[in-house]
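Working notes, beginning with the structure itself.
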Amino acid sequence: MIKKYFHDLLIGIEAIFANKLKSMLTALGIIFGVAAVISMMAIGNGAEQEILDQIKMVGVNNIIITPTSVENENGESSDEEESDSNAKFSKGLTMLDIEAIKEVIPTIEKISPVVSSNYSVIVDGKSKPISLEGIGVSYFEIFNISLEEGESFDSFQSENGQPVCVVGNNIKNELFKQESPIGKQIKVGQIWLTVIGIVEKRDFTASASDEMGISSSDNKIFIPAETFLMRYKNNGLLRADEIERASSRRNGSQASSGENNQLNKIIVQVKETEQLTATSNIIKRMFLRRHSGLYDFEVTIPELLLKQQQRTKNIFNVVLGAIAGISLIVGGIGIMNIMLASVMERIREIGTRQAIGASRKDIIVQFLSESTLISVFGGIAGILLGVILSKLVTVIFDIKTIVSFFSIIVAFGVSAAVGIVFGYLPAKQAAEKDPVESLRY
């Protein structure tokens, strides 16, 4: 029985190779349909992986507090005169805000200040511009940053403002080459710092936003926040002096509020994801009271923003997948159309086979094998084309794509199913031809 059907399959293959051009044109719909499915799923997988990478980079359950221009309680920007008056009483982000969060909010797991400025680092006469960041001891844990070598600063070093630092990977490679910088002295600005650790290199995508707390650490030098405020610059002290001078001189000049924050950012990590929204609302209310009712801050939950982006992209991927699926159906209709025409052209061949003993089942197997093989060959060619298109999208448009084994199996399986489903009607019609009538042609 198997040998008999294998013979029918061989006849189908011979028919395909006997009409190479027609078979190739018939398979084009399947080729482009499968290629569309593969490339669309690759783009979708790449986008999803990018979102997951960004979520990993911003850390789990994080809240970012950043300074903004002064606004009133209704969220409206004040006019110029009123803004100057308000700014005199706007404290900006300070270390006292961090202490208040620790004392008031029980859902906090970790918290870290961030204060930064641009400096130049000098090693053995070589200079390189860098971003110097003062951070808390929990910063690396919050953002899942690993150290390639050495260790991070501890609570004692942080609280006492000791001149120690952790350097980015690029700084280590450019200034120290193959030599280990651990224990060596580097000059940042006018201060000598001791290198105690090296940050592991991290992939950083251009779409990642600093507003979400994501930035490349490769060209940064990290020091304790207390070290930064004690040894480099403390805008909180400048702010206090400025307010004191301005209070005795009504027409005194006023610097912009963005320059007068002691901290550039506060990173808060809560214990559970479910507590993110409630905790952020508490922080907003608490900061309004502490900042004299002024919205000189912004509270962002990057994880929720990224998950919303992920949901949006998933919907977009479903739409793209549906469009690609429609192209496969159109390809199947094309196969059915060509096979129906082929039945009319091959009436004499059908009648001859029936006359020498071929059953209806044999005719069905022959024509069904033709449509299925055309679809399968088209599916294989479509998979190759889809992989190539995915690579081209990455190279030309710099969009991350991931071709998964699952997408290949799905595309191949669907292409084979299309050949069977849309090839059955022509095969059945061929089997129902009357052998006597067929031999008249």
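Side chains are part of it too, since the values below use all heavy atoms of this structure and drop only hydrogens, waters and symmetry mates.
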Below 4.5 Å, heavy atoms only, C-beta onward: do L328 and F32 meet side chain to side chain? no
Self-check item: Steps toward side chain to side chain contact (heavy atoms under 4.5 Å, CB included) verdict (D218, V199)
Solution: CA-CA 7 Å; D218 294 337; V199 175; 5.5 Å; no
TODO: Decide yes or no for K128 and S120: does some side-chain heavy atom of the first lie under 4.5 Å from some side-chain heavy atom of the second?
DONE: no
Between the CD1 atom in I63 and the CD atom in Q275, the distance rounded to the nearest 0.5 Å is 9.5 Å
Margin query: Looking at S23 and I16, would you say the former's side chain and the latter's main chain have a donor-acceptor pair under 3.5 Å?
Written below: yes
Legend entry - S369 side-chain N/O to Q366 backbone N/O, donor-acceptor pair under 3.5 Å: yes
Separation between CG (D97) and CG (N261), nearest 0.5 Å, reads 9.5 Å
Is there side-chain contact between N118 and L132, with at least one heavy-atom pair below 4.5 Å?
no
Per side-chain contact (heavy atoms from CB on, under 4.5 Å), I30 is matched among I380, I335, V414 by I335
For a quick check under 3.5 Å, do T394 and T401 share a side-chain donor-acceptor pair by atom type? yes
* Ignoring hydrogens and angles, state whether a donor on the side chain of E298 or T68 is under 3.5 Å from an acceptor on the partner side chain. => no
How far apart are the C-alpha atoms of L28 and L25, what are their side-chain angles, what is the distance that settles it, and do they pass the side chain to side chain contact (heavy atoms under 4.5 Å, CB included) test?
CA-CA 5 Å; L28 280 179; L25 294 175; 3.8 Å; yes
Q) Taking it one step at a time, do N160 and E226 satisfy side-chain hydrogen bond (donor to acceptor under 3.5 Å, both in side chains)? A) CA-CA 7 Å; N160 291 278; E226 288 79 2; over 6 Å; no
So the salt bridge (charged side-chain N to carboxylate O under 4.0 Å, His left out) pairs with at least one residue in residues 28-41 (sequence neighbours excluded) are none
Notebook entry, point to check: With no hydrogens and no angle check, do the side chains of Q185 and T194 hold a donor and an acceptor under 3.5 Å apart?
Noted result: yes
**Request:** Look at the side chain of N337 and the backbone N and O of I333, then say whether any donor-acceptor pair between them is shorter than 3.5 Å.
**Result:** no
Answer whether the closest heavy-atom distance between the side chains of Q429 and L340 falls below 4.5 Å. yes
### Query
Counting N and O atoms only, with roles assigned by atom type, does the side chain of N45 sit under 3.5 Å from a partner on the main chain of I402, one being a donor and the other an acceptor?
yes
Problem set entry | Salt bridge flag under 4.0 Å for residues K110 and E141 | yes
* Asked: Between T107 and E272, does any side-chain donor sit less than 3.5 Å from a side-chain acceptor?
  -> no
So the salt bridge (charged side-chain N to carboxylate O under 4.0 Å, His left out) pairs with at least one residue in residues 319-333 (sequence neighbours excluded) are none
Check whether any side-chain N or O of S39 sits under 3.5 Å from a backbone N or O of A35 as a donor-acceptor pair, and report yes or no. yes
Nearest heavy-atom contact between A225 and P113 is CB-CG, 3.7 Å
Original post:
Within a reach of under 6.0 Å around NZ of K184, are more than 12 heavy atoms found that belong to other residues, nucleotides or ligands?
Top reply: yes
### Message
Using side-chain heavy atoms (C-beta onward) and a distance below 4.5 Å, is P163 in contact with R231?
### Response
yes
Closest non-hydrogen contact found for A416 with S375 is N-OG, 4.1 Å
Applying side chain to side chain contact (heavy atoms under 4.5 Å, CB included) to Q157 and not counting sequence neighbours gives F153, D154, Q162, V164, I196
Donor-acceptor pair, side chain of S342 and main chain of I338, under 3.5 angstrom: no
**Request:** Mind running side chain to side chain contact (heavy atoms under 4.5 Å, CB included) on T26 and I374 for me, showing each step along the way?
**Result:** CA-CA 7 Å; T26 305; I374 290 173; 4.0 Å; yes
*asked:* Does I145 form a side chain to side chain contact (heavy atoms under 4.5 Å, CB included) with E200? I'd like the steps, not just the answer.
replied: CA-CA 7 Å; I145 298 176; E200 190 176 61; over 6 Å; no
Looking only at heavy atoms, the pair that brings I182 and E149 closest together is CG1-OE2, 3.5 Å
| request: Verify the ring-centre separation between F287 and Y295: is it less than 6.0 angstrom? | output: no
On the 0 to 90° scale, with breaks at 30° and 60°, tag the F222-Y139 ring pair as parallel, tilted or perpendicular.
-> tilted
For the backbone of Q269 and the side chain of N62, can you confirm whether one donor and one acceptor N or O come within less than 3.5 Å of each other? no
### Main-chain N/O of I388 paired to K391 side chain as donor or acceptor, under 3.5 Å
no
d(F176 CZ, I171 CD1) to nearest 0.5 Å is 9.0 Å
Value for CZ (F297) from CZ (R290), rounded to nearest 0.5 Å, stands at 11.0 Å
Between the CD1 atom in I108 and the CD atom in E103, the distance rounded to the nearest 0.5 Å is 12.5 Å
Between L368 and G419 the two heavy atoms that sit nearest each other are CD1-O, 4.4 Å
For S327 and G33, the nearest pair of non-hydrogen atoms, with its separation, is OG-CA, 3.2 Å
Without hydrogens or angle criteria, can the side chains of S404 and S407 be said to hold a donor-acceptor pair below 3.5 Å? yes
Interatomic distance, OG1@T94 vs CG@L263, rounded to 0.5 Å, equals 6.5 Å
Correct closest heavy-atom pair for S112 and I135 would be OG-C, 4.0 Å
Salt bridge between E133 and K220, side-chain N to carboxylate O under 4.0 Å? yes
Item to complete: Measure from the ring center of Y232 to the ring center of Y119 and say whether it is less than 6.0 Å.
Response: yes
Practice item. Check step by step if salt bridge (charged side-chain N to carboxylate O under 4.0 Å, His left out) holds for K126 and E174. Key: CA-CA 9 Å; K126 293 179 290 186; E174 290 183 25; over 6 Å; no
In the structure I gave you, are the side-chain heavy atoms of I105 and T279 within less than 4.5 Å of one another anywhere?
yes
Query raised in the report: Any salt bridge between K172 and E148, counting N to O under 4.0 Å?
Result: yes
Quiz item: Is there a side-chain contact between L175 and I186 (heavy atoms, below 4.5 Å)?
Solution: no
Under the salt bridge (charged side-chain N to carboxylate O under 4.0 Å, His left out) rule, what do K271 and E109 come out as? Steps first, then yes or no, please.
CA-CA 5 Å; K271 296 176 181 177; E109 179 74 19; 5.3 Å; no
Fill in: I420 and S371, any side-chain heavy atoms less than 4.5 Å apart
no
